[in-house]
Protein chains: 2
Amino acid sequence: MAKSEETRSLIVTTAMRLFTENGYDRTTMRAIAAEAGVSVGNAYYYFSSKEQLVQGFYDEIARQHQAAARPLLESETGFAARLRAVLLCWLDIAEPYHRFGTQFFVNAADPESPLSPFSDDSSAARKASIGLMREVVNGSDVKLDPELRDQLPELLWLGQMGVVLFWVHDRSPGTKRSRMLVERSVPLITRLAALSRLRMFRPVSREVVDLIRELAKRD
Amino acid sequence: MAKSEETRSLIVTTAMRLFTENGYDRTTMRAIAAEAGVSVGNAYYYFSSKEQLVQGFYDEIARQHQAAARPLLESETGFAARLRAVLLCWLDIAEPYHRFGTQFFVNAADPESPLSPFSDDSSAARKASIGLMREVVNGSDVKLDPELRDQLPELLWLGQMGVVLFWVHDRSPGTKRSRMLVERSVPLITRLAALSRLRMFRPVSREVVDLIRELAKRD
DNA sequence: GTCTATAGCAAGATAGAC
DNA sequence: GTCTATCTTGCTATAGAC
């Protein structure tokens with residue numbers, strides 16, 4: 001590993017440790033630099049802002065989630081079980097960072113911020129997440145209105161963002177309320193998806209698909 | 001009006017003006033204090049942080065929305081039309097503050113912040129908003145599963161939070177994409193609400209009601 | 001290209017005098 | 001209640017070592 005890579009990694013590792021120990025606000029750039037044994041200027045040489053330091057963290061959670069979720073999908077073909085596994089897996093991965101994550105997702109809510117899940121900068125991470133949801137759908141035995149099938153992964157990703165939002169606000173021990181949200185909403189979503197095939201349900205289903213398609217356009 | 005009330009009001013009024021003129025970030029406490037003709041220390045005597053200054057603004061938008069929405073409900077009994085009117089009305093009220101509102105709602109996404117719509121501090125504002133949605137439901141001629149009827153206002157409020165979140169990220173001219181979201185999702189919601197009465201749909205409807213009820217508990 | 005040291009600015013927040 | 005002075009911290013700038 002190149003020297004620069006080592007330094008970069010050292011800084012981000014130190015930052016993540018201090019963030020989780022003391023929270024984002026109470027961790028100063030001076031402290032990160034001192035603890036990592038580099039100068040403040042050097043830290044800024046690698047990361048143009050304190051917020052930027054968090055982007056590495058963001059990517060790391062997403063990466064871990066992908067890695068941990070894929071194997072779970074190997075052995076399971078039920079739609080509900082697959083969706084449940086992927087969502088709970090995220091909660092497991094993110095758990096240690098809940099305290100810090102709070103501060104983190106506050107930044108992410110800023111549409112101006114490169115950390116926003118809707119921003120161009122994070123479109124790679126977003127696409128990966130939507131891709132994971134596509135695997136959830138495609139690898140399952142669920143029967144769907146084919147029109148809905150195309151859009152469902154994006155819808156599920158939106159749902160996951162909702163879970164994340166809930167989790168950020170979740171103060172229950174072990175964030176068990178977030179787990180409950182997943183446990184109870186997954187069967188619901190599954191039932192609704194199944195209903196999508198009924199003729200009577202078609203117009204609603206079409207409207208949903210159209211709406212998502214329309215909103216996905218950036219005009 | 002007591003002297004202290006006058007000073008307090010002077011500070012918040014000045015702050016709101018500067019916020020809307022120049023944005024939240026570019027408005028410094030020093031500038032607010034100078035413009036209001038008081039010292040920085042005095043501003044902090046009344047408002048413990050810059051963020052606190054925004055709470056008054058938050059309440060003001062909610063108040064204006066309530067005031068503007070109520071008359072619209074007088075003359076209309078269709079559920080869809082009522083819901084649409086209330087949601088579009090919010091977009092109208094909030095429009096002038098879109099630029100500033102962005103920064104504002106970033107702060108509001110912080111669960112630690114008293115500005116969070118889920119925090120205890122803003123529970124009065126939240127209750128008022130849910131109350132407005134209850135009027136939308138109760139004053140309409142919509143036929144509903146009675147179980148759902150109780151929970152629907154809370155659900156609609158959640159939906160409105162979703163609209164707000166979308167609006168914050170909306171960069172289209174006149175935030176017309178947000179308007180489109182309302183125009184297209186209202187009929188959808190209406191159709192789903194109507195479906196709730198079908199026997200086949202009952203289990204789903206019950207699950208939704210149960211879930212909301214469970215999540216509303218703060219255990 | 002990588003890094004240190006240091007000085008300094010801007011702005012949010014606070015302390016303590018009056 | 002109000003002020004002035006001061007502190008803190010994110011961030012920048014510069015000058016130079018290797």
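So you know, we letter chains A, B, ... as the sequences are listed, proteins then strands, and number each from 1.
Taking side-chain N and O atoms only, S4(B) has a distance below 4.0 Å to OP1 or OP2 of dG1(D). Dashed line: the shortest gap from a side-chain N or O of N42(B) to OP1 or OP2 of dG1(D) is not under 4.0 Å. Contact annotation: Y44(A) reaches the phosphate of dC11(D) (side-chain N/O to OP1 or OP2, under 4.0 Å). Within the 4.0 Å cut-off from OP1 or OP2 of dT2(D), at least one side-chain nitrogen or oxygen of Y46(B) is found. Regarding contacts with the backbone of dC3(C), a side-chain N or O of T7(A) is found under 4.0 angstrom from either OP1 or OP2.
Side-chain atoms of H65(B) do not come within 3.5 Å of backbone N or O of D92(B) as any donor-acceptor pair. Under a 3.5 Å cut-off, the side chain of R30(A) and the backbone N or O of T27(A) do not form any donor-acceptor pair. Formation of a donor-acceptor pair under 3.5 Å by the R82(B) side chain with backbone atoms of E135(B) is found in this model.
Comparing atom distances between the S49(A) side chain and each of dG12(C), dC11(D), dT9(D) picks out dC11(D) as nearest. Nearest to the side chain of Y45(A), among dC3(C), dG10(D), dT2(C), sits dT2(C). Nearest to the side chain of K50(A), among dA13(C), dT4(C), dG10(D), sits dG10(D).
Between the P atom of dG12(C) and the CD atom of Q52(B) lies a distance of 15 Å, rounded to the nearest Å. For the pair E51(A) CD and dG10(D) P, the computed distance is 13 Å after rounding to whole Å. The separation between E6(B) atom CD and dT2(D) atom P is 10 Å, rounded to whole Å. R30(A) has its CZ atom 16 Å from the C1' atom of dT4(C), to the nearest Å. If you measure from atom CD1 of I32(B) to atom C1' of dA11(C), you get 11 Å, rounded to the nearest angstrom. For D25(A) and dG12(C), the CG to P distance is 14 Å, given to the nearest whole Å. F47(B) has its CZ atom 12 Å from the P atom of dT2(D), to the nearest Å.
Across all strands shown, V40(A) has no heavy atoms under 4.0 Å from either base or sugar-phosphate atoms. Contacts of T28(B) with the nucleic acid, taken as non-hydrogen atoms under 4.0 Å apart, involve only primed sugar atoms and P, OP1 or OP2.
Taking a cutoff of 4.0 Å between a charged side-chain nitrogen and a carboxylate oxygen, R213(A) and E154(A) do not qualify as a salt bridge. With respect to the salt-bridge test (charged N to carboxylate O, under 4.0 angstrom), the residues R17(B) and E35(B) qualify.
Both G41(A) and M29(B) lie near DNA chain C, and the one whose nearest nucleotide falls closer to the 5' end is G41(A).
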